[in-house]
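Comments concern the structure below.
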Amino acid sequence: MSCAFSTIQELRKQLLAKEVHPTEVVESLLDRISSVDPKLKAYNYLHPERALESAKKADLSLPLGGVPIAIKDVINVRGEPCTCSSRILEGYIAPYDATVIERLRAAGAILLGRTNMDEFAMGSSTENSAWGVTRNPWDLSRVPGGSSGGSAAAVAAHEAIAALGTDTGGSIRQPAAFCGCVGLKPTYGRVSRYGLTAFASSLDQIGPLTKSIADAALLLEMIAGQDPRDNTCAPEHAPSFSKKLGEEIRGMTLGVPKEYFVSGIDPEVEAATRKAISHFEELGAIIREISLPHTSYSIASYYLVATAEASANLARFDGMRYGRRASGCDDLLETYGRTRDEGFGREVKRRILLGTYALSSGYYDAYYLRAQKVRVRIREDFLAAFRDCQAIVTPTSPTPAFCLGERTEDPLQMYLADIFTIAVNLAGLCALSLPCGFTRSGLPIGLQIIGPMWKEETILQVGYAYEQSTDWHTRRPPLE
């Protein structure tokens with residue numbers, strides 16, 4: 001079997017046993033990418049020469065020595081393009097490494113390439129990319145989710161051993177659910193955002209997309225921890241996230257919020273989630289119905305907070321300092337306007353306009369400030385729930401992967417794809433998605449496990465217990 005199909009744990013054993021050399025691993029992945037990526041379009045850029053050079057020098061004594069990792073094209077890697085899948089950053093070459101990239105290098109990882117995404121991480125389907133649409137490896141007529149769809153598709157299609165994505169409102173977990181892999185959104189502040197191109201600064205978090213829970217725990221251990229260059233990165237000690245893997249969950253209380261089983265949820269998604277909850281009972285967990293009463297306000301609150309922050313963050317892209325600049329303009333204001341008009345896609349423009357409106361004079365209190373007050377209520381709901389349970393179990397998405405083009409003309413329907421993930425970001429919690437079944441047509445279904453702040457090891461313990469007692473994670477997409 002090609003080593004491209006290995007998990008990090010499996011690959012490390014092969015490397016340490018000298019059954020395979022890091023250059024063979026990279027060559028195997030490049031062959032796999034050459035074979036399947038023309039159908040998928042998971043990558044924006046590949047750097048085979050750099051990857052092979054790194055493989056030759058790989059230090060196998062390091063935790064990720066010889067392991068190739070794909071990086072979402074929103075994280076700066078020195079000397080490589082960082083376009084955020086946008087025309088406005090076409091030609092931009094990052095002059096420095098993000099903190100997570102420094103830490104991956106220090107752990108011995110090989111950086112394989114940059115994955116496709118929704119432009120500036122704004123989207124739920126990876127259809128908003130200036131470089132083309134990414135497809136779902138389980139069904140090429142469907143989306144891989146977003147905005148980290150390229151990273152999820154690359155991992156699920158075995159075009160990468162693992163990948164980094166970012167999660168602002170579900171952009172790691174939802175594509176993980178759609179593509180049948182593991183996606184972990186850390187607690188806000190757990191991982192440095194230095195070197196991440198910001199969408200919504202109070203919501204964005206970098207996290208891993210992997211083939212197993214154990215891989216997600218290991219990758220998080222490598223990238224987590226305090227960073228003096230990012231004042232939103234907490235001084236909280238980063239523990240060994242793998243330490244509880246394998247511990248039984250007997251006696252642990254898992255909450256099931258009634259608000260997450262609403263009309264409109266796909267029947268197969270609900271059935272698979274209910275079956276997974278019953279499985280937790282068989283493993284000895286105590287299941288308790290809980291209520292998160294402000295859940296219904298999460299979409300409205302999120303799309304005011306996130307767009308307001310996007311409006312402020314994206315003001316820097318004006319053609320003056322980096323990236324694209326419109327030519328033939330008569331004055332500065334025309335340069336600004338034409339550069340942004342030519343460089344930004346439709347969804348980015350929509351969100352900038354929404355955010356600018358929400359922050360404008362006379363509307364700040366009515367919209368943005370009120371959304372922040374609702375955000376506090378949502379967080380209080382979770383804090384109350386966690387007094388009675390150690391983790392919360394929900395569907396990751398109300399539906400399996402939808403068809404390409406199905407929601408592009410209806411932004412509200414697209415936004416609803418993240419209805420079960422957004423509240424976690426508003427509250428700053430940690431959460432993961434892992435496979436819990438398949439539809440009759442063969443599409444993956446994701447299970448979401450939510451934990452309190454700084455309790456990643458708890459949700460990883462719960463996820464690992466489920467994963468190891470089922471076989472959903474062992475299935476491969478029918479893609480050759």
Side-chain angles (χ1 to χ4, degrees), residues 8 64 69 71-72 74-75 98-104 107 109 121 147-148 151-152 155 162-177 181-196 198-210 212-227 229-245 379 382 386 390-392 396 418 421-434 446 448-464:
I8 294 177
L64 294 176
I69 307 289
I71 309 296
K72 185 177 180 180
V74 70
I75 300 170
T99 296
V100 292
I101 300 301
E102 291 178 349
R103 291 177 177 175
L104 286 180
S147 62
S148 304
S151 289
V155 171
L164 289 188
T166 63
D167 195 310
T168 306
S171 290
I172 288 174
R173 290 160 288 151
Q174 186 249 31
C181 58
V182 174
L184 174 60
K185 183 263 173 199
T187 303
Y188 182 80
R190 175 68 86 184
V191 178
S192 172
R193 295 187 305 110
Y194 177 78
L196 168 65
F199 161 17
S201 302
S202 73
L203 300 165
D204 299 337
Q205 271 292 275
I206 299 170
L209 287 131
T210 61
S212 72
I213 295 288
D215 284 2
L218 174 61
L219 204 49
L220 183 60
E221 286 176 8
M222 297 302 104
I223 64 174
Q226 185 177 9
D227 179 9
R229 294 172 296 187
D230 175 12
N231 61 11
T232 68
C233 190
E236 198 75 22
H237 171 67
S240 169
F241 298 109
S242 305
K243 67 180 179 182
K244 290 188 177 181
L245 300 186
R379 185 169 183 271
F382 279 109
F386 285 127
Q390 283 78 57
I392 294 170
T396 306
D418 297 327
T421 55
I422 276 172
V424 167
N425 298 76
L426 289 169
L429 309 175
C430 59
L432 66 83
S433 178
L434 73 161
Q448 180 174 221
I449 303 172
I450 305 169
M453 294 182 74
W454 319 119
K455 292 296 182 181
E456 285 86 355
E457 65 268 30
T458 299
I459 60 172
L460 288 162
Q461 175 192 357
V462 174
Y464 188 82

Quiz item: How many angstroms lie between CG in Leu220 and CG in Asp215, if you round to the nearest 0.5 Å?
Solution: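 Reported value, rounded in 0.5 Å steps: 12.5 Å.
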Quiz item: Roughly how far apart are Leu429 CG and Phe386 CZ, rounded to 0.5 Å?
Solution: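 Reported value, rounded in 0.5 Å steps: 5.5 Å.
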Closest non-hydrogen atom pair, [X] against [Y]:
X	Y	result
Ala176	Leu209	CB-CD2, 3.9 Å
Gly463	Leu434	O-CD1, 3.5 Å
Tyr188	Trp454	O-CH2, 3.6 Å
Arg103	Gly225	NH1-O, 3.1 Å
Gln448	Val424	OE1-CG2, 4.0 Å
Ser212	Val182	C-CG2, 3.8 Å

Quiz prompt | ring pair (Phe, Tyr, Trp, His ring centres under 6.0 Å) partners for Tyr194, two or more places apart | solution =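 Checked Tyr194 against ring pair (Phe, Tyr, Trp, His ring centres under 6.0 Å); matches are Tyr96.
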Please identify each residue that fulfils side chain to side chain donor-acceptor pair (under 3.5 Å) with [X], with sequence neighbours left out.
X	value
Glu456	Thr187, Arg190
Thr396	Ser433
Ser202	Glu309, Arg375
Lys185	none

Practice problem: Please check if the side chain of Ser171 supplies one atom and the backbone of Ser148 the other of a donor-acceptor pair under 3.5 Å. | Solution: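 Flag not set: sc Ser171 to bb Ser148 has no pair under 3.5 Å.
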Practice problem: Output all residues satisfying salt bridge (Lys or Arg N to Asp or Glu O under 4.0 Å) with Arg193, sequence neighbours left out; order by chain, then residue number. | Solution: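 With neighbours one apart ignored, the set is empty.
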Exercise. With sequence neighbours left out, write down each residue that passes salt bridge (Lys or Arg N to Asp or Glu O under 4.0 Å) with Asp227, or none if nothing qualifies.
Key: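 Per chain and number, Asp227 pairs via salt bridge (Lys or Arg N to Asp or Glu O under 4.0 Å) with Arg229.
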Quiz item: Can Leu64 and Leu218 be said to form a side chain to side chain contact (heavy atoms under 4.5 Å, CB included), step by step?
Solution: CA-CA 9 Å; Leu64 294 176; Leu218 174 61; 3.9 Å; yes
Practice problem: Answer with yes or no whether the side chains of Ser151 and Lys72 bring together a donor and an acceptor at under 3.5 Å. | Solution: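 Looking only at side-chain atoms, Ser151 and Lys72 do not form any donor-acceptor pair under 3.5 Å.
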How about [X] and [Y]: do any of their side-chain heavy atoms sit closer than 4.5 Å?
X	Y	result
Ile71	Val100	no
Val74	Phe199	no
Asp230	Leu196	no
Ile172	Leu184	no
Thr232	Ser201	no

Would you tabulate the side-chain donor-acceptor contacts of residues 237-245 under 3.5 Å, counting partners in other chains and residues two or more places apart, or write 'none'?
unit_1 : atom_1 : unit_2 : atom_2 : d
Ser240 : OG     : Glu221 : OE2    : 3.3
Ser242 : OG     : Glu221 : OE2    : 2.9

Self-check item: Qualifying residue for side chain to side chain contact (heavy atoms under 4.5 Å, CB included) with Thr166, from Ile206, Asp204, Leu203
Solution: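 Of Ile206, Asp204, Leu203, side chain to side chain contact (heavy atoms under 4.5 Å, CB included) with Thr166 is met by Ile206 alone.
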Self-check item: Sequence neighbours excluded - salt bridge (charged side-chain N to carboxylate O under 4.0 Å, His left out) pairs with any residue from residues 164-174
Solution: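 Qualifying pairs, neighbours excluded: Asp167-Arg173.
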Quiz item: Can you list the residues that meet the side chain to side chain contact (heavy atoms under 4.5 Å, CB included) rule with Ala162, with sequence neighbours excluded?
Solution: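 For Ala162 the side chain to side chain contact (heavy atoms under 4.5 Å, CB included) partners, ignoring immediate neighbours, are Ile8, Ile69, Thr210, Leu219.
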